[in-house]
Participant: 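So that we are looking at the same thing, I have put the structure below in structure tokens.
Residue numbering restarts at 1 for every chain, and letters A, B, ... go by the order of the sequence lines. Side-chain atoms are counted along with the backbone in the values below, which use heavy atoms only and exclude waters and symmetry mates.
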Amino acid sequence: MTDAFRPEARAPRGFIDKRAADLRAERRIVESVSAVYERYGFERLDTGAFEYADALGKFLPDADRPNEGVFALQDDDEQWMALRYDLTAPLARFAAQHWETLPKPFRRYAVGTVWRNEKPGPGRFREFVQCDADTVGSARPEADAEIIAMAVEGFAAAGLPQNDYVLKINSRKLLNGLLTSAGAVDPGQRLAVLRAVDKLDRLGVEGVRLLLGAGRRDESGAFTRGAELAGPAIEAVIAFVEAGGGARSATLDRLAGVIGGSAEGDEGLEELGRIGAALTSLGVAEDRAVFDPSVVRGLEYYTGAVFEAELLAEILDEKGQKVRFGSVGGGGRYDDLVARFTGQPVPATGFSFGVSRLAAALRASGLDHAAEARGPVVVIAFDAASMGEYFAAAAELRAAGLPAEVYLGASGMKAQMKYADRRLSPAAVILGGDEIASGQVTIKDLDLGRELAAKVADNRQWREDRPGQLTVARSELVAAVRRIVEAPR
RNA sequence: GCCGCCUUAGCUCAGUUGGUUAGAGCGCCAGAUUGUGGCUCUGGAGGUCCUCGGUUCGAGCCCGAGAGGUGGUACCA
């Protein structure tokens, strides 16, 4: 027995345990965002956690395992399945599968857990919750505008103060036009330029300039290769990324000056113009949704407008260090995703709330006003012979809608009071021999007691005062407890 | 993946040039208080000093390798 195997009690990294308070915060976000989506006429869709790996587009032609980044396993028919890494790819699969019978455009929202097999960080998990809305089957820029408006409304509904978030909007078409006019034709070089542009907020203009040219060495000594653009081309790209800021129409005017002329760029400008007009009609404030030419987003499937939601409030960790949470939501237009399955191009656009990251950020920034989860009313258990009395009292409270439980541990009364205190119970119900004999019940208001205790230093007096305690007729139990539970704290 | 830093009690950490039985604060449990959560006092439990190997009479401390964590960077569909 001495050599018995003892597993270490720990969760895999990036997988976190969420307790009542965390879950309440997440649920509050999900419920408010879902309500916004439904108000805009989106219907809910749930799909399974697993998809075939090829449906996720995560199958390397030469590898016998799906690519890094997903959690994959082989079914008993040897097909590779993978846990979904977002809610968009499953939607594309669903839309392709049911395209003939769906009402089009198909407007759906989805709430669900997604999994990514990558290195975790602050606010970055390997299992997290997203809340998506997508319109499949509309190429109108107004569809994008509506998605953006919902995102802005969603953040407000989730409880973020007006000035703590912003939605940044850009278009892949602008970026493509820029790349062409900058003379970047090689796909690898185009990719390098996009990645450099994406880092503007983190590295600043000088860092981006280095990455567009020869490359950059960071403070840890690691070297990142640059895009090797020529000098004038670098300045053109810099002028482009710096054209953001201010009112939407002003940004568009500046961008037109920088990249006007290329066919794709002009197309992007026209679409952004229509998105801007629609945002104004929808009542989206100029400073909540802005055009920002440095937004790139992931590199794979976006084909037009791209959106990214950013928290503006500075967030400090327990040690007072600044924490970078990254974007708390993003999306864009992906016109080719459904075509992967059907061969027919289907225009689509959507946005995804990073619910878990947003909850973590709210928590870290103290914006999470949710009260700590209250425990139930605790019925103190004195002796086994009277268990019936305790359970009857708990049942009465429950029937009246008041959460209640009988203490089921083995400890004495003192420990039971401590237990109720730790559970943040509003009240303890004391049904000892004396009370039962006299047809009464003693109820202790734990909040009130806590308050009164602050003024009492002497232990004897504290014990004799029994602060916050009252004894009533047994028949008054529910009414008396209700008064305590419903009293304003 | 690459670079840096870190790893001692549940948590935060101290631990002298390598030298008996590895400590503190907080937390936890119990008692003072036969039926009362706070405060105070007293007592108690709790440790493969990350792992493996090496050097040494002797290693928490020195050396090597590995693992885990963390920060940056890369990637992020």
Participant: Quick one: is K199(A) getting a side-chain N or O under 4.0 Å of the C75(B) phosphate, OP1 or OP2?
Facilitator: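 Yes, such a contact exists.
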Participant: Please state how far atom CG in L83(A) lies from atom P in A77(B), giving the value in whole angstrom units.
Facilitator: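 Those two atoms, CG and P, are 18 Å apart.
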Participant: Measure the distance from NZ on K119(A) to P on G4(B) and round it to the nearest whole Å.
Facilitator: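 About 14 Å, once rounded to whole Å.
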Participant: What is the distance, rounded to the nearest whole Å, between atom CZ of R195(A) and atom P of A74(B)?
Facilitator: 10 Å
Participant: Distance check, C1' atoms only: U12(B) and G69(B), in whole angstrom units.
Facilitator: 16 Å
Participant: How long is the line joining CG of L191(A) and P of C75(B), in whole Å?
Facilitator: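 Going from CG in L191(A) over to P in C75(B) covers 8 Å.
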Participant: Could you tell me the Watson-Crick or G-U partner of U21(B), where both distances fall under 3.5 Å? Say none if there is no partner.
Facilitator: none
Participant: Out of the candidates V472(A), D434(A), L477(A), T471(A), only one should pair with Q440(A) under the side-chain contact (heavy atoms from CB on, under 4.5 Å) rule; please name it.
Facilitator: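 Of the listed residues V472(A), D434(A), L477(A), T471(A), the side-chain contact (heavy atoms from CB on, under 4.5 Å) partner of Q440(A) is T471(A).
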Participant: Between P on A74(B) and CZ on R216(A), what's the gap in Å once rounded to a whole number?
Facilitator: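 Answer to the nearest Å: 7 Å.
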Participant: My understanding is that a pair needs two contacts under 3.5 Å, Watson-Crick or G-U wobble. By that rule, which nucleotide pairs with C28(B)?
Facilitator: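 Answer to the pairing question: G44(B), which forms a Watson-Crick or G-U pair with C28(B).
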Participant: Using the C1' atom as the reference point in each nucleotide, state the distance between U48(B) and A9(B) in Å, no decimals.
Facilitator: 13 Å
Participant: Between Y390(A) and F382(A) (side chain of the first, backbone of the second, donor and acceptor by atom type, cut-off under 3.5 Å), is there such a pair?
Facilitator: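 It does hold such a pair.
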Participant: Start with the C-alpha distance between D335(A) and Y301(A), add both sets of side-chain angles, then the distance that settles side chain to side chain donor-acceptor pair (under 3.5 Å), and finish with yes or no.
Facilitator: CA-CA 8 Å; D335(A) 286 347; Y301(A) 56 49; over 6 Å; no
Participant: When you check every protein heavy atom under 4.0 Å of nucleotides 32-40 of chain B, what one-letter string (B, S, -) results, 5' to 3'?
Facilitator: -B-BBBBB-
Participant: Whole angstroms only, please: what is the CD-P distance between Q416(A) and C29(B)?
Facilitator: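 Going from Q416(A) (CD) to C29(B) (P), I get 13 Å.
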Participant: Which whole number of Å gives the distance between the C1' atom of G19(B) and that of C29(B)?
Facilitator: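 To the nearest whole Å, 36 Å.
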Participant: Under 6.0 Å from the CD atom of Q97(A), do we count more than 12 heavy atoms belonging to anything else shown?
Facilitator: yes
Participant: Could you work out the separation of C49(B) and C62(B) based on their P atoms and round it to a whole Å?
Facilitator: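 To the nearest whole Å, 16 Å.
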Participant: Under the side chain to side chain donor-acceptor pair (under 3.5 Å) rule, what do S327(A) and E310(A) come out as? Steps first, then yes or no, please.
Facilitator: CA-CA 5 Å; S327(A) 71; E310(A) 195 179 302; over 6 Å; no
Participant: Report yes if a side-chain nitrogen or oxygen of R202(A) is closer than 4.0 Å to either non-bridging phosphate oxygen (OP1 or OP2) of G72(B); otherwise report no.
Facilitator: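 So the side-chain polar atoms of R202(A) never come under 4.0 Å of the phosphate oxygens OP1 or OP2 of G72(B).
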Participant: Mind checking side-chain contact (heavy atoms from CB on, under 4.5 Å) for L203(A) and listing every partner two or more places apart, or none if nothing turns up?
Facilitator: K199(A), L211(A), R216(A)
Participant: C2(B) pairs with which nucleotide, Watson-Crick or G-U wobble, both distances below 3.5 Å?
Facilitator: G72(B)
Participant: Centroid-to-centroid, F42(A) to Y109(A), below 6.0 Å?
Facilitator: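 They do not qualify: ring centres at least 6.0 Å apart.
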Participant: G53(B) pairs with which nucleotide, Watson-Crick or G-U wobble, both distances below 3.5 Å?
Facilitator: C63(B)
Participant: Given the P atoms of U51(B) and G60(B), what is the spacing between them in whole Å?
Facilitator: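 Looking at atom P only, U51(B) and G60(B) are 11 Å apart.
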Participant: Can you name the side-chain contact (heavy atoms from CB on, under 4.5 Å) partners of R423(A), sequence neighbours left out?
Facilitator: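 Per chain and number, R423(A) pairs via side-chain contact (heavy atoms from CB on, under 4.5 Å) with P376(A), E405(A), Y419(A), S425(A).
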Participant: C1' atom, A32(B) versus U17(B): distance in rounded Å?
Facilitator: 47 Å
Participant: Is it the case that the base of C76(B) and the side chain of R124(A) share a donor-acceptor contact (distance under 3.5 Å, atom types as modelled)?
Facilitator: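 Yes.
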Participant: If the plane angle is over 60° it's perpendicular, under 30° parallel, otherwise tilted; pick one for F353(A) and F351(A).
Facilitator: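 Plane angle over 60°, so perpendicular.
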Participant: Who does A77(B) pair with, Watson-Crick or G-U, both distances under 3.5 Å?
Facilitator: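 WC or wobble partner does not exist here.
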Participant: Rounded to whole Å, how long is the line connecting atom CG of L56(A) with atom P of C76(B)?
Facilitator: 17 Å
Participant: Using the C1' atom as the point on both nucleotides, what is the distance between G46(B) and A24(B), in whole Å?
Facilitator: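 Their C1' atoms lie roughly 15 Å apart.
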Participant: In this structure, how many angstroms lie between the P atom of C75(B) and the CG atom of D198(A), rounded?
Facilitator: 9 Å
Participant: Determine the interatomic distance between P on G35(B) and the same-named atom on A45(B); round to the nearest Å.
Facilitator: 25 Å
Participant: Let me know, please, whether R13(A) or W115(A) comes out on the 5' side of the other along RNA chain B by nearest nucleotide.
Facilitator: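 Result: R13(A).
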